[in-house]
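One-based numbering, in listed order, for ligands and for the atoms of each.
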Amino acid sequence: MQEKIIILDFGSQTTQLIGRRVRELSTYCEIIPYNKFPYEDKNVIGVILSGSPFSVYDEKAFKTELDRLRTHYPVLGICYGAQLMAYEAGGAVEPAPSREYGRAILTKVNEADPLLKNIEVGSQVWMSHGDTITRLPEGFNIIASTKEVAIAAYHVEGEKTWGVQFHPEVFHSTCGTQLLKNFVVDICGGSQSWSAESFIESTVAALREQLGDDKVVLGLSGGVDSSVAAVLLNRAIGKNLTCIFVDHGMLRKNEFRNVLHDYECLGLNVIGVDASARFFKELEGVTDPERKRKIIGKGFIDVFDEEAHKIKDVKWLAQGTIYPDCIESLSITGTVIKSHHNVGGLPEKMNLKLCEPLRLLFKDEVRAVGRSLGMPEHLIKRHPFPGPGLAVRILGDITPEKVSVLQEADDIFIQGLRDWNLYDKVWQAGVILLPVQSVGVMGDERTYERAVALRAVTSTDAMTADWAHLPYEFLAKVSNDIINQVRGVNRVCYDISSKPPSTIEWE
Ligand code: XMP
């Protein structure tokens with residue numbers, strides 16, 4: 001039995017974070033749209049109701065059948081989830097005099113309440129709400145308050161039902177992990193048995209069962225997700241898995257050779273296809289970023305399809321899709337936006353069945369599984385890299401010569417980050433080749449050459465990002481090395497824009 005917590009999603013920005021926190025408690029959980037609760041699933045041990053962009057009294061507010069949850073399962077409502085339970089039971093929820101956002105301190109705590117075990121007066125919590133519960137229904141008792149919010153947490157008498165106005169899933173709620181642990185482990189009885197090892201064991205068994213003697217193809221990108229998926233499948237079905245690694249010519253310096261070598265060392269049955277000439281030809285003269293993406297996406301599908309057809313009797317296409325790619329995200333109108341795939345269009349074109357062994361994992365869990373499978377740390381910690389590669393880091397048209405200039409500059413930057421122990425401190429880094437030339441002087445010579453921009457960001461999920469505050473000494477060294485060693489570049493800039501309003505990639 002795979003015991004699980006269900007997180008009902010009412011559209012909050014932090015719903016995924018709740019999921020990650022529960023997983024960090026070694027407990028399996030699933031995030032499900034608010035109106036799709038799996039009542040038939042016998043393995044559910046508890047329910048968490050998320051926050052929402054709506055107010056409970058809005059006409060369009062997302063509602064769920066609370067009477068089928070309360071008293072049937074332990075329930076914890078967070079923010080909107082707490083307000084919804086109070087409101088539907090006859091309590092009052094009203095706009096707060098001012099929107100409450102940020103840190104608050106618990107001034108009263110009922111320490112005898114099991115949800116608040118080991119949580120003390122003075123603990124910091126994170127508030128983010130426009131509404132507040134102003135009156136609780138009968139049987140709902142206050143168990144914690146802050147200076148501004150009298151009803152910061154409540155318990156329903158005679159039930160395993162709780163609500164909290166604050167966000168325990170957010171890092172700044174210092175008692176948040178303890179509170180979630182009290183709920184998941186003490187109240188729901190979670191056994192904390194979900195781990196990378198248990199995942200590998202059950203997934204390998206399930207893959208053997210699902211795939212039997214069938215042949216499977218998988219597209220490798222050099223990234224963590226597809227690599228871990230490949231190693232996991234390799235453990236399950238060995239030589240029945242064929243991996244295809246396409247070089248579209250826009251990879252980093254020596255990337256194709258190095259990564260191919262890594263894959264071979266991991267024992268993977270891998271075919272490397274150098275299709276760079278074809279991509280350069282199709283990209284010739286193209287400057288529009290979206291067209292570049294489309295050309296590369298389509299070219300990749302075509303090359304992959306051709307290669308896969310050379311293998312006999314393939315039945316399955318495997319992909320390294322991970323959980324955040326699959327969670328059905330709720331739009332504000334309540335419609336469900338379908339999940340997306342890494343390589344859109346490929347499964348349809350190839351008429352193969354789809355196998356996605358990582359579809360239940362968050363990124364940090366994918367890394368943990370990779371480590372457990374014995375993969376080298378440099379593959380696991382590799383920065384994200386966009387599918388179209390350097391094509392979206394060369395502004396304007398693409399030529400082999402520009403790619404080679406950029407590869408050299410990029411290599412100096414990335415190698416420098418490694419040498420200065422900065423590589424693991426940034427989420428992602430790279431160099432952008434700008435479509436401008438500027439005047440410089442080298443020795444006694446006037447130069448008129450290209451400018452490049454360095455980009456390095458910190459982030460947790462690429463949805464938002466800050467520019468990395470790299471040491472000046474490091475930037476000075478990299479700038480110097482690039483200008484001295486890369487022919488055709490005489491100026492280096494550092495990109496200090498955050499996302500939003502900028503994006504990580506320039507195109
Ligand atoms: P942006 O530029 O949107 O990037 O802030 C967010 C993250 O997504 C990566 N990225 C891509 N990945 N195909 C990909 O596989 C793409 O077309 C693509 N565009 C951006 C980007 O590198 C960053 O990690």
| message | Would A462 count as being in polar contact with ligand 1, using the rule that some N or O on each side must be under 3.5 angstrom apart? | response | no
| said: Is it the case that ligand 1 has an N or O less than 3.5 angstrom from some N or O of E505? | reply: yes
| request: Can you sort out which atoms of ligand 1 are near T503, meaning under 4.0 Å from one of its heavy atoms? | output: 1 (P), 2 (O), 5 (O)
| said: So if I count the atoms of ligand 1 from 1 in the order they appear, which ones are less than 4.0 Å from some heavy atom of P388? | reply: 13 (N), 16 (C), 17 (O)
| request: Not counting sequence neighbours, which residues clear salt bridge (Lys or Arg N to Asp or Glu O under 4.0 Å) with E401? List them please. | output: R450
| Hey, do the aromatic rings of H383 and Y423 have their centres closer than 6.0 Å? | yes
| request: Would you please indicate yes or no on a ring centroid separation below 6.0 angstrom for F245 and F256? | output: yes
| message | Below 3.5 Å, N or O to N or O, backbone or side chain included: is there any such pair between G387 and ligand 1? | response | yes
| said: Going by salt bridge (Lys or Arg N to Asp or Glu O under 4.0 Å), name the residues that satisfy it together with K292, two or more places apart in sequence or in a different chain. | reply: E507
| Considering all heavy atoms of both residues, which atom of S497 and which atom of S502 are nearest to each other, and what is their separation? | CB-OG, 3.1 Å
| request: With atom 24 (O) of ligand 1 as the reference point, say which of K292, Q428, K499 has the nearest heavy atom. | output: Q428
